[in-house]
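Following: one structure in structure tokens, then a few remarks.
Numbers restart at 1 for each chain; the letters A, B, ... are given by sequence-line order, proteins then strands. Every value quoted in this text rests on a predicted model; they were computed, and no experiment measured them.
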There are 2 protein chains.
Amino acid sequence: MLKPLNPLLHSELRLAVMSILLGVESADFVYIRTETGATAGNLSVQLDKLQRAGYITIEKGFNGKMPRTTCSMTDLGREAMREYVEALKEYIGGAR
Amino acid sequence: MLKPLNPLLHSELRLAVMSILLGVESADFVYIRTETGATAGNLSVQLDKLQRAGYITIEKGFNGKMPRTTCSMTDLGREAMREYVEALKEYIGGAR
DNA sequence: AAGATTTGGTTTATTTTATAAACTTGTTTA
DNA sequence: TAAACAAGTTTATAAAATAAACCAAATCTT
């Protein structure tokens, strides 16, 4: 039987966020927003879910006077991605 | 910017169904149900969506006296899977 | 042979999720 | 100083997934 797909990661926007964060030390809200094309509201909600799961950390600070939200992936997040990709391969392995 | 993921395929159960059908000429409802572990109701709904999209064909016949529903993938379905996997790789490419 | 159970589903209702719209707080610009 | 903009959050709506309830016919039980 196929492995279940972590529902937290099996979401287009959350997966895109995780994908971006895999490649960098950290990324801020505005950057992630422009890279993904998501609306701010949607992104805010999905980042919160990833944080609650312990997959990313969110730090709120300031860039001069403007607020800035910076995200980065945790080890737990990295491990979850690894497992997700491994499971996913069972689903798409035949499509080559 | 990341390619969008075909929402019809980006669903655990529908993806499992497509994955199964990729490897075989055809498969019947009961087989798909046991392989995926899905409930009959859920499977019925998701098969219908795949059929409406033209990704699979569904034929209803009989096995002796018992009804039998047989599914197989269409060329359109195969092509959609190919594109989906290609898009997905952009998301998970970093996780190796 | 009548009733109970199983098979193979479909339909409908409920829950969850994703998404967008509206709002808030503070900043910069005209 | 009023209007517009930036960076988000909160709340409402739309869509999706899932489960519960149901149905018809076959088979098993006594």
Side-chain angles (χ1 to χ4, degrees), chain A residues 1-2 4-21 26-53 55-72 84 87-88 91, chain B residues 1-2 4-20 26-53 55-72 80 84 87-88 91:
Chain A
M1 186 107 69
L2 293 159
L5 297 175
N6 182 336
L8 222 97
L9 294 180
H10 196 64
S11 140
E12 183 161 13
L13 181 49
R14 288 193 301 269
L15 192 60
V17 168
M18 293 293 277
S19 175
I20 288 167
L21 292 181
S26 67
D28 66 27
F29 191 97
V30 175
Y31 176 77
I32 297 174
R33 177 155 147 51
T34 58
E35 284 295 301
T36 58
T39 62
N42 192 12
L43 183 57
S44 179
V45 169
Q46 306 309 327
L47 287 178
D48 191 58
K49 287 184 188 177
L50 290 172
Q51 180 189 33
R52 283 166 190 277
Y55 291 175
I56 68 173
T57 57
I58 300 182
E59 287 194 48
K60 278 151 196 313
F62 287 89
N63 183 19
K65 290 177 178 174
M66 296 300 269
R68 186 181 56 194
T69 297
T70 307
C71 306
S72 48
Y84 172 74
L88 198 55
Y91 289 75
Chain B
M1 187 110 66
L2 292 158
L5 296 175
N6 182 336
L8 221 95
L9 294 180
H10 196 64
S11 139
E12 182 163 15
L13 181 49
R14 288 193 300 268
L15 192 59
V17 168
M18 294 292 276
S19 175
I20 289 167
S26 67
D28 66 28
F29 190 98
V30 175
Y31 176 78
I32 297 173
R33 178 157 147 49
T34 59
E35 284 294 303
T36 58
T39 60
N42 194 11
L43 183 56
S44 179
V45 169
Q46 306 309 327
L47 287 178
D48 192 57
K49 287 184 187 176
L50 290 171
Q51 180 188 34
R52 283 166 191 278
Y55 290 175
I56 68 173
T57 57
I58 300 181
E59 286 194 47
K60 277 150 197 314
F62 287 89
N63 182 20
K65 291 174 174 174
M66 296 299 269
R68 187 181 58 194
T69 297
T70 307
C71 306
S72 48
Y84 171 74
L88 197 57
Y91 289 74

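Checked against dT19(C), dT27(C), dA26(D), the side chain of Lys65(B) finds its nearest nucleotide in dA26(D). Nearest nucleotide to the side chain of Pro67(A), out of dA7(D), dG8(C), dT17(C): dA7(D). Of the candidates dT10(D), dG9(C), dT18(D), dG9(C) carries the atom nearest the Val30(B) side chain, counting heavy atoms from C-beta on. Closest to the side chain of Ser44(A), out of dT19(C), dT10(C), dT9(D), is dT9(D). Residue Gln46(B) places its side chain closer to dA17(D) than to any other of dA6(D), dT10(C), dA17(D). The side chain of Met66(A) lies closest to dA7(D), out of dA18(C), dA7(D), dA16(D).
Following rounding to the nearest Å, Phe62(A) (CZ) and dA7(D) (P) show an atom-to-atom distance of 12 Å. Between the CZ atom of Arg52(B) and the C1' atom of dA16(D) there is a distance of 15 Å, given to the nearest Å. For the pair Leu43(A) CG and dA6(D) P, the interatomic distance rounds to 17 Å; values are reported in whole Å. Atoms CD (Glu12(A)) and C1' (dA18(C)) sit 11 Å apart, rounded to a whole Å. One interatomic measurement links the two molecules: NZ of Lys60(A) to P of dG8(D), which rounds to 6 Å at whole-angstrom precision. Rounded to an integer number of Å, the gap from CD1 of Ile32(A) to C1' of dT9(D) is 16 Å. Between Arg68(A) atom CZ and dT27(C) atom C1' there is a gap of 16 Å when expressed in whole angstrom units. The nearest whole Å value for the distance from the CZ atom in Arg33(A) to the C1' atom in dT19(C) is 13 Å.
Both His10(B) and Thr70(A) lie near DNA chain D, and the one whose nearest nucleotide falls closer to the 5' end is Thr70(A). Along DNA chain C, the nucleotide nearest to Gly41(A) and the one nearest to Thr69(B) differ in position, and the one closer to the 5' end is contacted by Thr69(B).
Closest approach of Lys49(B) and Leu8(B) over heavy atoms only: O-CD2, 3.9 Å. Contact detail for Tyr91(B) and Ser19(A): the closest heavy-atom pair is O-OG, 2.9 Å.
Interatomic distance, CG of Leu2(B) versus CD of Glu12(A), reported as 8.5 Å (0.5 Å rounding). With rounding to the nearest 0.5 Å, the separation of CG in Leu13(B) from CD1 in Ile32(B) is 9.5 Å.
The side chain of Thr39(A) contributes no N or O atom lying less than 4.0 Å from OP1 or OP2 of dT19(C). The side chain of Ser11(B) places an N or O atom within less than 4.0 Å of a non-bridging phosphate oxygen (OP1 or OP2) of dA17(D). An OP1 or OP2 oxygen of dA18(C) is reached within less than 4.0 angstrom by a side-chain nitrogen or oxygen of Arg14(A).
Considering Ile20(A), Asp28(A), Val17(A), Leu47(A) as possible partners of Cys71(A), the one that fulfils the side chain to side chain contact (heavy atoms under 4.5 Å, CB included) test is Leu47(A).
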